[in-house]
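Everything below concerns the one structure shown next.
Treat the numbers as computed from the prediction; the structure is a model and nothing was measured. First the proteins, then the strands, lettered A, B, ... as listed; each starts at 1.
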Amino acid sequence: MRAVGNDVVDLRADGAWGKSRDKRFVCRVLTASEQNRLAKSQNPDACLWAMWAAKEAAYKAVSRIFPDISAWPGRYETVFDHPGLPRQFAGTVNTPEGSVCVRLHWDENRVHCVGLIGSSELWQDLTADVFEPEDGAHPAIESSAKKISAAARTAAAAAIGLHTGLPHGLVKIERTRVSQRSAPPVVKIQGIHTETPVSLSHHGRFAAFAFLAPLQAQSAAMCS
Amino acid sequence: MDKQQIFNDVVGIIKDYVKDESKLANVSMETSILDDLKVNSARLVDIIIQFEDTFDIEIDDDDADNIRSIGDAVNYIAGRVGADQGAE
Ligand SMILES: CC(C)(COP(=O)(O)OP(=O)(O)OC[C@H]1O[C@@H](n2cnc3c(N)ncnc32)[C@H](O)[C@@H]1OP(=O)(O)O)[C@@H](O)C(=O)NCCC(=O)NCCS
């Protein structure tokens, strides 16, 4: 089973900046040991949102396999490989249904985390990106795709197209809803549902995506 | 307090977290807080905390996890405060 999740947090966005001082929020979303890590951190906002992004990325990956799993962040425990908060590091998130490996990257503007379920070699198959749609830097974004959700979707579809060598427009990312629960996005190639694991995220100025390389046989079949 | 009153209070709390006000035009019991109103999941935690303060209740993690729509919130709060009918 292969599954991917990703989450981006804009550290300057309304509601993110200074949030590490909101004790009620912190106590609701972090476990006791995570609160301890936060208390010792020299970058408390980045530390809080790194743990949050790791939990969200893990939820997005694991909920593909267990759609009814709890999404409550306090039920997810982050275990980071490094006691401090280097700009780039790895770790694990223990979820109610097993653990998810995560890799994080942060700077003054944002935290981005990708979570993977599957063998460790899968990291080689991963493509992930974080970008600011407004700055026009991402070639996949057309001016009409103003909305950040559409921007993440368009960029991910274009990157999958690039990866599989498919012409622009054949790859689409769609999302369905199961009762009141939102369902993960799915990749469709020429209208056909594929098993390519993909994840989208957007917050504040940033949009992000991650996907695992489509299985060779599958994309070859789609092209023929 | 009746359900209509709770509905109005719930919408009043949530509206502060909705960036695109046009999305509030047709809110109903079925409206999904995350998907329809585009509230992000961190702000949903803030909303749960505000429900606790406004209605003077404690919402445990399992119950909080089940609040996805306006109706989920209204029905849950009504059950906790013993509300009369309305807003169905
Ligand atoms: C999946 C979820 C956690 C993401 O929320 P978020 O952090 O606010 O938003 P992000 O931008 O990082 O991610 C949104 C993207 O996740 C994807 N997504 C939605 N539901 C998903 C799911 N069940 N699994 C994987 N990905 C999902 C979608 O592609 C969505 O983008 P879109 O709306 O533009 O299509 C949230 O939508 C959700 O369903 N949460 C469950 C309820 C919950 O969180 N309850 C407790 C309060 S924390």
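- Applying the 6.0 Å contact sphere to CG of B:D20 captures more than 12 heavy atoms from other residues, nucleotides or ligands.
- The NZ atom of A:K60 lies 7.5 Å from the OG atom of B:S41; values are rounded to the nearest 0.5 Å.
- The contact between B:N40 and chain A is made entirely by side chain atoms (from C-beta outward), counting heavy-atom distances below 4.5 Å.
- For the atom pair A:R28 CZ and B:I49 CD1, the distance stands at 6.5 Å (nearest 0.5 Å).
- Note on B:D35 versus A:R175: salt bridge recorded, some NZ/NE/NH1/NH2 to OD/OE distance being below 4.0 Å.
- Checking each of B:D60, B:D65, B:D62 against A:R75 for a salt bridge (Lys or Arg N to Asp or Glu O under 4.0 Å) leaves exactly one that passes, namely B:D62.
- A:W17 CH2: 12 or fewer foreign heavy atoms inside a 6.0 Å radius.
- A:R21 CZ: 12 or fewer foreign heavy atoms inside a 6.0 Å radius.
- With rounding to the nearest 0.5 Å, the separation of CZ in A:F25 from CG in B:D46 is 6.0 Å.
- Residue contact with chain B, scored on non-hydrogen atoms closer than 4.5 Å, is absent for A:H202.
- Interatomic distance, B:R43 CZ to A:D14 CG, rounded to the nearest 0.5 Å: 6.0 Å.
- Looking only at side-chain heavy atoms (C-beta outward), B:D53 and A:R24 come within less than 4.5 Å of each other.
- Interatomic distance, CH2 of A:W72 versus CG of B:L44, reported as 7.0 Å (0.5 Å rounding).
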